[in-house]
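Here is the structure we will look at, set down as structure tokens.
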Amino acid sequence: MALLRTFILLFLPLLFCGGTAFACSVFYYIDEATGNIYAVNNEDYFYDTDAYIQVQPAKGKKFARLWYGWDDFAQGGINEKGLFFDGAVTPGQERPKGYKGPKGNLGDRILASCGTVAEALAYLERKKIALDNAHMMFGDRLGNAVVVEWVNGKRNIVRIKENRLLMTNFNLSDTAVDGISCPRYLAIDKELQRLQSLKTPVDLKMLGNAGARGVQVPMKTETGRRGGTLYSSFINISEMKMILVYQLDNEKTTQLDLNEIFAKNTARTIPLE
């Protein structure tokens, strides 16, 4: 496909955020010129992880969905209704009273049950689920996007502004002391602002290179385990097209037409290698 041949990312040098060696960066972006909606994610983790893409078909009242992750756990994904989600680690926090941590594959359950951001937030509230070490981004094909996080025993909702929403590994609703200092957040946001100022249509490649400003190149831990950006996913939610680049290698690229994938109505596991 033409898009695959031209989708080459410029991966930039390692950037640290708050001392976290393996972190994540996620953004949702609405192109003012076309109205197209995009979601981009860098998943940073150990390179010996057996990551894969999982497709689950529609069944009964459950939506068809696709997620990426490992160990039967969705780190992020999208469903047939165009609801996207992803998560990122944050400093530890106290959960609100009466709430509990998630059990099992929370992301898969949300994608199976919810078609919009509002429905995803309602699901978390109905089940009384709160995270104590991460926040979650939800975005849909209607132009709604939020980051939900739990800080000091309270649920906070950060909503999209100026056609973009970005998160890394600090709580967006808790920046009063130090402000926003994460270099990956600042680098990505600066490029998104530049693209927005052009007043011309953007495409998945341009937004992919904006996301590339937050990748982390491979490095070894003190124990010798190698890690960095395990994969980067790029989704055109409006057109339901997806590209995933594995381990910062443009030769290891998976391209999917999500409408075609979901129409087949069959389960499928796609190894990342």
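Any value given below was found using the heavy atoms of this structure, including those in side chains, with hydrogens, waters and symmetry copies removed. This one's a predicted model, so the numbers in the text were calculated from it and none came from an experiment.
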Quiz item: Roughly how far, to the nearest 0.5 Å, is CG of Leu121 from CD1 of Ile157?
Solution: 4.5 Å
Practice problem: Can you measure from NZ (Lys81) to CG (Leu111) and round to the nearest 0.5 angstrom? | Solution: 13.5 Å
Exercise. Treating Ile, Leu, Val, Met, Phe, Trp and Tyr as nodes and any side-chain heavy-atom pair under 4.5 angstrom as an edge, say whether Ile110 and Leu165 lie in one connected cluster.
Key: no
Quiz item: Cluster question for you: counting only ILVMFWY and a side-chain heavy-atom cut-off of under 4.5 Å, with indirect links fine, are Ile237 and Val202 together?
Solution: yes
Self-check item: Euclidean distance, Met136 CE relative to Glu149 CD, rounded to 0.5 Å
Solution: 12.5 Å
Practice problem: Can you see which heavy atom on Tyr123 is nearest to which on Cys114, and at what distance? | Solution: CB-SG, 3.7 Å
Self-check item: Flag if over 12 foreign heavy atoms under 6.0 Å of CZ, Arg159
Solution: no
Quiz item: When the ring centroid of Trp67 is compared with that of Phe84, is the distance short of 6.0 Å?
Solution: no
Quiz item: Is there a donor-acceptor pair closer than 3.5 Å between any side-chain N or O of Glu32 and the backbone N or O of Asn163?
Solution: no
Self-check item: Nearest-0.5 Å distance that lies between atom CG in Asp86 and atom NE2 in His135
Solution: 10.0 Å
Quiz item: Ile180 versus Asp189: any side-chain heavy-atom pair under 4.5 Å?
Solution: no
Quiz item: Would Phe63 end up clustered with Ile37 when hydrophobic side chains under 4.5 Å apart are linked, directly or stepwise?
Solution: no
Quiz prompt | Asn259 (side chain) donor-acceptor with Phe262 (main chain) under 3.5 angstrom | solution = no
Quiz item: When hydrophobic residues are tied together by side-chain contacts of less than 4.5 Å, even through go-betweens, does Leu142 share a cluster with Tyr38?
Solution: no
Quiz item: Under 3.5 Å, side chain of Asp71 to main-chain N/O of Phe73, donor-acceptor pair present?
Solution: no
Quiz prompt | Neighbour count >12 (heavy atoms, 6.0 Å) for atom NZ, Lys252 | solution = yes
Quiz prompt | Stepwise side-chain contact (heavy atoms from CB on, under 4.5 Å) check, Tyr47 with Leu230 | solution = CA-CA 6 Å; Tyr47 270 29; Leu230 180 61; 4.2 Å; yes
Self-check item: Expected output: side-chain Arg164 to main-chain Ile160 donor-acceptor under 3.5 Å
Solution: no
Exercise. Using a cut-off of 6.0 Å, state whether more than 12 heavy atoms not belonging to Lys100 lie near its atom NZ.
Key: yes
Quiz item: Under a 4.5 Å cut-off applied to non-hydrogen side-chain atoms, are Asp50 and Trp70 in contact?
Solution: no
Quiz prompt | Within one Ile-Leu-Val-Met-Phe-Trp-Tyr cluster: Ile270 and Ile78, side-chain cutoff 4.5 Å | solution = yes
Exercise. Taking all non-hydrogen atoms of both residues into account, name the closest pair between Leu172 and Leu166 and its distance.
Key: CD1-O, 3.5 Å
Exercise. Please confirm whether the backbone N or O of Ala74 pairs with a side-chain atom of Asn105, one donor and one acceptor, at under 3.5 Å?
Key: yes
Practice problem: For the pair Asn171 (side chain) and Asp174 (backbone), establish whether a donor and an acceptor sit closer than 3.5 Å, ignoring hydrogens and angles. | Solution: no
Quiz item: Taking atom CG of Asp132 and atom OG1 of Thr90, what is their separation to the nearest 0.5 Å?
Solution: 8.5 Å
Quiz item: Does Tyr185 use its side chain to pair, donor to acceptor, with the backbone of Asn169 at less than 3.5 Å?
Solution: no
Quiz item: Do the side chains of Phe170 and Thr175 get nearer than 4.5 Å, heavy atoms only?
Solution: yes
Quiz item: Where do Gly214 and Arg184 come nearest, in terms of heavy atoms and distance?
Solution: O-CD, 3.3 Å
Quiz prompt | Heavy-atom closest pair, residues Leu248 and Val217 | solution = CD1-CA, 3.8 Å
Quiz item: Between Glu125 and Tyr99, is any side-chain donor less than 3.5 angstrom from a side-chain acceptor?
Solution: yes
Self-check item: Least distance between heavy atoms, Ile30 atom then Gly35 atom
Solution: CG2-O, 4.2 Å
Quiz item: Quick one: does Arg95's side chain have a donor or acceptor within less than 3.5 Å of a partner on Ala130's backbone?
Solution: yes
Self-check item: Lys154 vs Asn152, side-chain contact (heavy atoms from CB on, under 4.5 Å): CA-CA, chis, key distance, verdict
Solution: CA-CA 6 Å; Lys154 179 183 176 182; Asn152 297 323; 5.7 Å; no
Quiz item: If you count the non-hydrogen atoms of other residues, nucleotides and ligands that lie under 6.0 Å from CG in Asp48, is the total more than 12?
Solution: yes
Self-check item: 4.5 Å side-chain heavy-atom contact, Val89 and Cys24
Solution: no
Self-check item: Nearest non-hydrogen partners of Ala210 and Ile188, listed with the distance
Solution: O-CG1, 3.5 Å
Quiz item: Checking Asp140 side chain against Val117 main chain: does a donor-acceptor pair fall under 3.5 Å?
Solution: yes
Self-check item: Pairwise side-chain contact, Tyr246 with Thr254, heavy-atom cut-off 4.5 Å (strictly under)
Solution: no
Quiz item: Is it true that a side-chain atom of Asp203 and a backbone atom of Met206 form a donor plus acceptor pair closer than 3.5 Å?
Solution: yes
Exercise. To the nearest 0.5 angstrom, please state how far the CD1 atom of Ile243 sits from the CG atom of Leu204.
Key: 5.0 Å
Self-check item: Any Asp257 side-chain heavy atom under 4.5 Å of Lys241 side chain
Solution: yes
Exercise. For the pair Leu207 and Asp31, evaluate side-chain contact (heavy atoms from CB on, under 4.5 Å) and give the outcome as yes or no after the intermediate values.
Key: CA-CA 10 Å; Leu207 291 169; Asp31 179 20; over 6 Å; no
Quiz prompt | Sub-4.5 Å side-chain heavy-atom contact between Leu256 and Val55 | solution = no
Exercise. Ignoring hydrogens and angles, state whether a donor on the side chain of Asp44 or Thr229 is under 3.5 Å from an acceptor on the partner side chain.
Key: yes
Quiz item: How far apart are the C-alpha atoms of Glu43 and Tyr231, what are their side-chain angles, what is the distance that settles it, and do they pass the side-chain contact (heavy atoms from CB on, under 4.5 Å) test?
Solution: CA-CA 5 Å; Glu43 186 70 44; Tyr231 56 78; 3.4 Å; yes
